[in-house]
Amino acid sequence: MAHKLVIVESPTKATKIGGYLGAGYVVESSIGHIRDLPNNAADTPAKIKDKPWGRLAVDVDNGFEPYYVVPRDKKSHITKLKQLLKDADELYLATDEDREGEAIAWHLLDELKPKVPVKRMVFHEITKPAILAAAENPRDIDMDLVEAQEARRILDRLYGYEVSPVLWRKVMSGLSAGRVQSVATRLVVDREWERMAFRSASYWDLEATFDAGAAGGDSGPRMFPARLHTVDGARVASGRDFGTDGLLKDPAGRAESRPVHLDRPRAESLAAALSDTTYDVRSVESKPYRRSPYAPFRTTTLQQEAGRKLGMSAQVTMSVAQRLYENGFITYMRTDSTTLSGAAVNAAREQVRELYGSEYLPDAPRTYASKVKNAQEAHEAIRPAGDSFRTPAQTGLTGDQFRLYELIWMRTVASQMKDATGQSVSVRIGGTAATGEDVVFAAGGRVITFHGFLKAYVEGTDDAAAARDDQETRLPALQEGDAVTAASVTPSGHETKPPSRYTEATLIKELEEREIGRPSTYASIIGTIVNRGYVYKKGTALVPAWLAFSVVRLLVEHFPRQISYEFTARMEDVLDDIAAGRRDRVTELAEFYFGSGDVEGLKSLVEGLGDIDAKGLATFPIGSPEDGISLRVGKYGPYLEGPGDDGAPAGKRANVPDDLPPDELTLEKAKELLANPAGEERSLGRHPESGLEVVAKNGRFGPYVTEVLPEDAPKSAKARTGSLFKSMSLDTVTLEQAVQLLSLPRVVGVATDGEEITAQNGRYGPYLKKGSDSRSLAAEDQIFDITLDEALAIYAQPKARGRGASTAPLKELGNDPVSGQPIVVKAGRFGEYVTDGEYNATLRKDDSVESITLERAAELLEERRAKGPAKKTSPKKTAAKKTAAKKTAKKAPVKKAASKKS
DNA sequence: CAGTGAGCGAGCTTCCGCTTGACTT
């Protein structure tokens with residue numbers, strides 16, 4: 001029987017809508033995007049792979065035409081959708097009504113190629129009337145909106161896939177750059193620079209406790225605290241009067257309004273001079289206090305509050321919320337909207353009446369306009385699901401799900417409650433010191449007379465010192481002219497603090513305010529910059545690694561427009577224009593990629609970076625130039641370089657501990673590290689023969705042992721060294737092993753021709769050496785074990801030209817349909833590969849020796865053949881190749897070190 | 001950042017936004 005096929009984005013949504021639409025409709029989901037630009041080389045179709053733009057999968061020379069593929073994990077789902085479409089007489093594309101949703105609808109249309117009528121259907125809340133109304137009022141796909149999405153997608157691809165390789169070449173392999181992650185990293189790095197440049201200021205004031213005596217009346221407390229406010233009419237300086245340089249800010253030259261900066265002696269003498277002072281109330285100012293409820297949750301505010309109150313990371317918050325959503329407890333959790341549906345407003349109001357009484361219920365429902373500038377509002381706010389809310393106790397939930405549900409429920413209910421109201425009072429108390437100075441103290445109070453929504457929900461704060469919205473401070477009921485006495489007057493010292501590091505929650509908040517990122521990506525942005533080793537977490541703080549300083553500096557110097565804080569906001573404006581048909585996608589992408597007028601395009605920026613100063617980018621001076629100390633971001637992590645004992649530049653080096661935050665690397669700390677570069681080294685004891693201390697430490701080529709030469713050793717003396725075997729580790733290597741390593745090379749014996757054969761460890765592993773003739777050994781242990789006879793046997797063989805010739809195939813697959821040659825699988829230096837004897841092709845990520853078939857092998861070899869025969873090695877080419885190989889080999893351990901941090 | 005000698009099948013890394021399981025620990 002024919003049905004109408006409805007496709008939405010989320011499976012949960014599909015189930016729900018299916019229930020509303022009833023018989024005659026089959027509702028399925030797309031599970032997000034169904035097509036995308038290929039992620040990597042393995043997913044890139046062969047026909048575009050060899051194009052100059054194949055790596056981008058965007059034909060930059062022909063209208064930025066994108067080449068989409070159905071990702072591997074979506075193929076079976078597409079088959080399923082096609083199957084359902086076969087029996088359908090109508091197709092409804094009911095994806096979200098935003099840029100991405102419109103694009104998904106179009107991709108579905110383009111991929112499913114339906115032969116039945118197609119309609120676009122949209123709705124913003126999942127209620128039966130809304131769904132039925134949407135089904136009654138379909139529209140067409142908005143191609144301008146699709147164009148805007150494609151422009152966004154292509155721009156992000158060009159940005160990410162053009163700029164990342166610059167970092168691979170200039171900083172470290174495997175790094176990444178992107179419109180969102182690079183700005184997020186920059187925020188963290190810039191904040192650290194601010195902290196490093198920050199100079200603390202010390203200032204003092206007086207804290208007094210006053211006694212209102214009989215004047216206070218009966219309602220309030222008798223005793224109350226106050227802080228010194230003015231001395232002889234001049235305001236006493238407080239934290240906000242100081243700049244980041246630790247000096248008083250100059251209030252535009254007006255001397256009379258300049259605050260007075262008290263130091264400790266001044267504060268102490270002033271306190272002493274106030275011991276006999278009598279005080280009177282100079283003024284009492286009372287103002288009404290009013291606070292409105294917070295808007296219902298959207299993704300970012302939920303992540304922030306769950307972080308503050310429940311200690312959940314953004315990622316945990318999202319996964320707990322996902323489970324709540326899937327089980328029907330809350331509405332969709334990836335949203336930028338704070339709008340509640342009519343049903344939700346009614347449910348919240350009903351709950352307010354039930355739980356708090358109608359005096360807490362405003363006459364009219366409250367509405368919340370979006371604060372998010374680029375909000376797309378495809379969903380509701382995050383709220384308890386349903387037309388009537390379950391209290392947390394009624395849900396039967398436990399653990400994190402319970403706690404998160406409770407938070408969402410409280411926030412939603414509170415959003416439909418009355419304002420909190422009260423009075424805030426500011427009191428000034430004056431007196432004359434023994435020195436004749438007139439002093440005024442200030443006291444502030446806040447009384448909440450009607451708690452309103454605060455009874456249900458109070459937002460957390462990021463700053464532990466900040467007052468919560470429901471905090472009350474009661475003062476006695478004082479009148480102007482009342483006499484009060486001071487129970488105590490105490491000098492109190494303070495210091496200004498550097499700006500705080502970002503936490504996940506505050507970084508996400510900052511990104512949202514700058515229109516960077518989307519609800520579905522906020523949590524993963526943090527994940528990306530942590531995984532790349534740009535940022536690590538210390539408690540809840542996000543600390544930038546030195547690597548991030550290097551990368552951000554490169555981007556700021558060479559891609560200033562792309563990494564500017566405003567880039568995304570400007571892009572959003574352009575996308576809006578494309579969506580409205582006012583601008584053209586190709587023109588905009590061309591400007592971004594090729595440039596126009598005085599704007600340089602991305603392409604020429606990238607191409608112009610041949611002689612970029614990688615060393616300079618990685619060097620950060622510590623202290624002043626005379627100190628000659630700098631931090632360098634090396635391939636092996638950050639290290640310090642400073643003058644040697646003889647004053648030679650870069651004469652000394654020292655590792656910087658991985659977990660030392662950049663702002664703690666002061667000049668003093670740097671000097672200390674340079675003076676004791678020992679760092680990781682471990683003493684193993686004294687060498688039984690030389691009597692010298694033997695230490696194990698990490699070096700350029702990995703872990704090794706060496707002798708420590710005495711201070712008075714002649715300059716020509718060289719310490720013996722030896723790399724650890726792969727089977728050894730720095731933590732466990734023994735003195736005995738070290739002595740053996742230091743004894744290398746070992747003389748195995750004398751060959752028949754009179755030449756000595758030695759065994760040792762080198763750049764490419766263990767090997768034998770006879771004059772200039774060397775042979776690799778299979779195992780490191782052979783360096784100590786191999787006998788002269790065995791060594792002679794090795795030399796009796798001709799030198800192996802590569803390992804390929806001698807290794808046995810792992811698997812034989814049969815004859816190649818093209819060359820007719822047998823294809824075999826072999827294990828090689830770069831991993832497993834297939835070969836027909838002439839051409840070799842490495843297995844790809846998804847291939848394995850077990851699973852590979854003759855067909856797949858033939859395909860790989862065909863691809864390889866298409867690239868032509870291996871180039872004849874000219875001397876120049878060989879040299880270039882060698883360097884490249886060396887680089888990769890060296891880089892490998894770095895990646896490990898970086899990922900270890902996370 | 002310790003200096004020690006070959007000659008080898010390269011190929012891949014990466015973006016941002018939509019969505020969930022399917023994987024393994």
Side-chain angles (χ1 to χ4, degrees), chain A residues 9-12 29-34 36-37 39-42 55-56 73-74 77 95-96 98-101 103-104 149 152-165 167-168 173-182 322 326 334 517-521 524-525 528 532 632 634 636 639-641 652-655 677 679 697-702 704-706 718-723 745 760-764 767 769 772-776 799-805 826 828-831 833-835 838-842 844-845 864 870 873 878 881-882 884-885 888 895:
Chain A
E9 284 181 43
S10 147
T12 309
S29 67
S30 70
I31 324 180
H33 274 291
I34 52 125
D36 193 9
L37 297 172
N39 187 40
N40 50 32
R55 202 178 49 81
L56 302 169
D73 59 340
K74 282 285 168 62
H77 192 67
T95 49
D96 296 347
D98 57 18
R99 208 158 59 209
E100 299 294 329
I104 293 173
Q149 191 275 346
R152 198 278 308 154
R153 179 67 189 92
I154 293 166
L155 182 143
D156 280 333
R157 166 56 59 97
L158 297 175
Y159 189 137
Y161 277 37
E162 288 285 23
V163 181
S164 296
L167 299 181
W168 304 343
S173 182
L175 295 180
S176 62
R179 173 174 60 81
V180 171
Q181 61 167 294
S182 294
Q322 174 87 29
E326 284 169 7
R334 290 184 277 264
R518 301 283 312 142
S520 65
T521 61
S524 61
I525 294 166
T528 301
R532 294 282 171 273
R632 304 277 306 273
Y636 310 94
Y639 64 96
L640 285 163
E641 217 172 56
K652 266 191 182 172
R653 293 194 166 98
N655 276 320
K697 55 181 174 180
N698 258 313
R700 213 166 13 133
F701 312 122
Y704 69 106
V705 290
T706 185
K718 275 207 165 167
R720 290 187 291 175
T721 63
S723 281
Q760 57 234 279
N761 220 350
R763 167 93 179 76
Y764 309 106
Y767 68 106
K769 188 175 170 186
S772 60
D773 191 5
S774 66
R775 299 295 161 88
S776 280
K799 193 161 177 161
R801 310 293 293 181
R803 267 184 279 178
K826 286 184 173 184
R829 201 161 43 102
F830 301 124
Y833 65 102
V834 290
T835 176
E838 188 185 359
Y839 287 95
N840 307 306
T842 304
R844 301 296 157 76
K845 250 192 325 210
R864 178 67 191 80
T873 47
T878 319
K881 246 182 166 178
K882 239 179 176 174
T888 7
K895 226 181 161 183

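From a predicted model like this one, the values you see are computed outputs, not experimental measurements. The basis for the numbers below is simple: all heavy atoms, side chains too, and nothing from hydrogens, waters or symmetry mates. Chain letters run A, B, ... following the sequence lines, proteins first, then strands; residues in each count from 1.
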Engineer: Would you mind classifying the nucleic acid contact of A:Pro165 as base, sugar-phosphate or nothing, using non-hydrogen atoms under 4.0 angstrom?
Structural biologist: base
Engineer: Name the nucleic acid region contacted by A:Gln322, choosing base, sugar-phosphate or nothing; use a 4.0 angstrom heavy-atom cut-off, strictly under.
Structural biologist: sugar-phosphate
Engineer: May I ask you to say what A:Arg99 touches in the nucleic acid, namely base, sugar-phosphate or nothing, with a heavy-atom cut-off under 4.0 Å?
Structural biologist: nothing
Engineer: Measuring to OP1 and OP2 of B:dC16, would you say a side-chain N or O of A:Arg157 lies under 4.0 angstrom away?
Structural biologist: no
Engineer: Would you say the base of B:dA2 stacks on A:Tyr704 (centre-to-centre below 5.5 Å, plane angle below 30°)?
Structural biologist: yes
Engineer: With sugar-phosphate meaning primed atoms plus P, OP1 and OP2, does A:Ala177 contact a base, only sugar-phosphate, or nothing at under 4.0 Å between heavy atoms?
Structural biologist: sugar-phosphate
Engineer: Students often get this wrong, so: under 4.0 angstrom with heavy atoms, is A:Thr528 touching a base, only sugar-phosphate, or nothing?
Structural biologist: sugar-phosphate
Engineer: With centres under 5.5 Å and planes under 30° as the test, does A:Trp168 stack with B:dT13?
Structural biologist: yes
Engineer: Here's a test of your reading of the structure: between A:Tyr767 and A:Asp73, which maps to the more 5' nucleotide of DNA chain B?
Structural biologist: A:Tyr767
Engineer: Using a heavy-atom cut-off of 4.0 Å across all strands, would you classify A:Thr521 as base, sugar-phosphate, or nothing?
Structural biologist: base
Engineer: Over all heavy atoms of both residues, which pair between A:Asp98 and A:Gly101 is shortest? Give the atoms and the distance, please.
Structural biologist: OD1-N, 2.7 Å
Engineer: From C-beta outward on A:Thr12, which listed nucleotide comes closest to its side chain: B:dC12, B:dT20, B:dC16?
Structural biologist: B:dT20
Engineer: Can a side-chain donor-acceptor contact be found between A:Ser29 and A:Glu9 if the only test is distance below 3.5 angstrom?
Structural biologist: no
Engineer: Return the value, rounded to whole Å, for the distance between atom CG of A:Asn840 and atom C1' of B:dG11.
Structural biologist: 13 Å
Engineer: For the side chain of A:Ser776, starting at C-beta, report the closest nucleotide among B:dT19, B:dA6, B:dT14.
Structural biologist: B:dA6
Engineer: Which one, B:dA6, B:dC18, B:dT13, comes nearest to the side chain of A:Ser774?
Structural biologist: B:dA6
Engineer: What's the CG-C1' distance between A:Asn39 and B:dG17, to the nearest Å?
Structural biologist: 13 Å
Engineer: Below 4.0 angstrom from OP1 or OP2 of B:dC18, is there any side-chain N or O of A:Ser520?
Structural biologist: yes
Engineer: Could you tell me whether a side-chain N or O of A:Thr842 sits under 3.5 Å from a main-chain N or O of A:Tyr833, the two making a donor and an acceptor?
Structural biologist: no
Engineer: Rounded to the Å, how far apart are A:Gln181 CD and B:dT14 C1'?
Structural biologist: 8 Å
Engineer: Does any donor-acceptor pair link the side chain of A:Ser173 with the base of B:dT13 at a separation under 3.5 Å?
Structural biologist: yes
Engineer: Is A:Gly517 touching bases, backbone alone, or none of the nucleic acid, heavy atoms closer than 4.0 Å?
Structural biologist: sugar-phosphate
Engineer: Over all strands shown, is A:Ser29 touching base, sugar-phosphate only, or nothing at heavy-atom distances under 4.0 angstrom?
Structural biologist: nothing
Engineer: If you look at every heavy atom in A:Ser30 and A:His77, which pair is closest and at what distance?
Structural biologist: O-CD2, 3.8 Å
Engineer: Is the distance from OP1 or OP2 of B:dG17 to the nearest side-chain N or O of A:Arg179 less than 4.0 Å?
Structural biologist: yes
Engineer: Rounded to the nearest angstrom, tell me the gap between atom CD1 in A:Ile31 and atom P in B:dT20.
Structural biologist: 8 Å
Engineer: Can you name the nearest heavy-atom pair linking A:Leu175 to A:Arg532, along with the distance?
Structural biologist: CD2-O, 4.0 Å
Engineer: Which nucleotide, B:dT19, B:dG9, B:dC16, lies nearest any side-chain atom of A:Asp96?
Structural biologist: B:dT19
Engineer: Would you give the length of the straight line joining atom CG of A:Leu37 to atom CD1 of A:Ile154, rounded to the nearest 0.5 angstrom?
Structural biologist: 7.0 Å
Engineer: Does a side-chain N or O of A:Arg518 approach OP1 or OP2 of B:dC18 to a distance below 4.0 Å, or not?
Structural biologist: yes
Engineer: Whole-Å distance between B:dT19 P and A:Gln149 CD?
Structural biologist: 12 Å
Engineer: Considering every strand and a 4.0 Å limit on heavy-atom distances, what is the contact class for A:Leu175: base, sugar-phosphate, or nothing?
Structural biologist: sugar-phosphate
Engineer: Could you check how far NE2 of A:His77 sits from P of B:dT19, rounded to whole Å?
Structural biologist: 13 Å
Engineer: Provide, to the nearest angstrom, the distance between the CD1 atom belonging to A:Ile104 and the C1' atom belonging to B:dC16.
Structural biologist: 13 Å
Engineer: Describe the nucleic acid contact of A:Tyr159 in one word from base, sugar-phosphate, nothing, applying a heavy-atom distance below 4.0 Å.
Structural biologist: nothing
Engineer: Could you tell me which non-hydrogen atom of A:Val180 sits nearest to which non-hydrogen atom of A:Gly517, and how far apart they are?
Structural biologist: CG2-N, 4.0 Å
Engineer: When you measure from the side-chain N and O atoms of A:Ser176 to the phosphate of B:dC15, is any distance below 4.0 Å, counting only OP1 and OP2?
Structural biologist: yes
Engineer: Identify whether any heavy atom of A:Gly178 sits under 4.0 Å from a base atom; if not, whether one sits that close to sugar-phosphate; answer base, sugar-phosphate or nothing.
Structural biologist: sugar-phosphate
Engineer: Return whichever of A:Glu162 or A:Gly762 has its heavy-atom-nearest nucleotide of DNA chain B closer to the 5' end.
Structural biologist: A:Gly762
Engineer: Hey, does the side chain of A:Arg720 come within less than 4.0 Å of B:dG3's phosphate (OP1/OP2), counting only N and O?
Structural biologist: no
Engineer: Return the minimal non-hydrogen interatomic distance between A:Glu326 and A:Thr12, and the atom names on each side.
Structural biologist: CG-OG1, 3.6 Å
Engineer: Rounding to a whole Å, what distance do you find between A:Asn761:CG and B:dG3:P?
Structural biologist: 16 Å
